[in-house]
**Student:** 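Take a look at this one; I'll ask things after.
By convention here, the first residue in the shown sequence is residue 1. Worth knowing before you read on, the calculation uses all heavy atoms, side chains too, and leaves out hydrogens, waters and symmetry mates. Remember, it's 1-based here, ligands and their atoms both numbered in the order they're listed.
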Amino acid sequence: MISTRLERIINEQIQKEFYSAYLYLSMEAYFQAQNLNGFANFFHVQLQEERDHALKFFNFLNHVGGKVTLLQIDAPKTDFESPEEVFSLALAHEQFVTKSIYNIVDISLEERDHKTNAFLQWFVTEQAEEEATAENILKKLRLIGNDGRGLLMLDAELAQRVYTPPVAADTGAQA
Ligand SMILES: [Fe+2]
Ligand SMILES: [Fe+2]
């Protein structure tokens, strides 16, 4: 069992995670157009992770007997000025998602819903990681400034990022 209030807010979180995937896909498109394939790869991995987050909430809601209601996903921003702008927006977006997760945690505590609270702890840790990663790259971009060689070095570094599929139980994916 899950309360109607938590059911509603988790449905909204599914929407936010899919929006994140959509936003990162838009950022991937920007970097592909710039021929910065390492940066594009970084956002391709991000996109897959956000889809996994959405599916994790989706499966949890089903698992606890809640009703999944898929909501409309807004169009993301499609024009960006610079890699630095992209990462400052990505960081701001992750901070927004962290607040959203904390809000669900608060409600789960208020309702003494310990299973939802336990489920959310993974996301609390994940958000800390997400914010740290975006901030780290943003700081590097600020150091790089207008140095094209620095940008290409960072691009080569980001090309190394590999997507790690979650355990099947988390997303309901077939192993
Ligand atoms: Fe996420
Ligand atoms: Fe994220």
**Student:** Can you tell me if, anywhere in Glu17, an N/O/S atom lies at a distance from the Fe ion (ligand 2) that is smaller than 2.8 Å?
**Tutor:** no
**Student:** Which of the N/O/S atoms in Glu130 sits closest to the Fe ion (ligand 2)?
**Tutor:** OE2
**Student:** From the Fe ion (ligand 2) out to just under 2.8 Å, does an N/O/S atom of Glu126 turn up?
**Tutor:** no
**Student:** Excluding sequence neighbours, so at least two apart, what forms side-chain contact (heavy atoms from CB on, under 4.5 Å) with Tyr19?
**Tutor:** Leu23, Ile73, Asp74, Pro76, His93
**Student:** Knowing that exactly one of Tyr30, Phe80, Tyr24, Phe42 qualifies, which makes a ring-ring contact (aromatic ring centres under 6.0 Å, His included) with Phe87?
**Tutor:** Phe42
**Student:** Return the name of the atom in Glu50, of element N, O or S, nearest to the Fe ion (ligand 2).
**Tutor:** OE2
**Student:** Would one find an N, O or S atom of Glu94, in either backbone or side chain, under 2.8 Å from the Fe ion (ligand 2)?
**Tutor:** yes
**Student:** Got a salt bridge between Glu110 and Arg5, using NZ or NE/NH1/NH2 to carboxylate O under 4.0 Å?
**Tutor:** yes
**Student:** Could you tell me which N, O or S atom of His53 is nearest to the Fe ion (ligand 1)?
**Tutor:** ND1
**Student:** Distance-only, no hydrogens or angles: does the Asn37 side chain make a donor-acceptor pair with backbone N or O of Ala40 under 3.5 Å?
**Tutor:** no
**Student:** Using a 6.0 Å cut-off, check whether atom CD of Glu129 has over 12 heavy atoms from anything other than its own residue.
**Tutor:** no
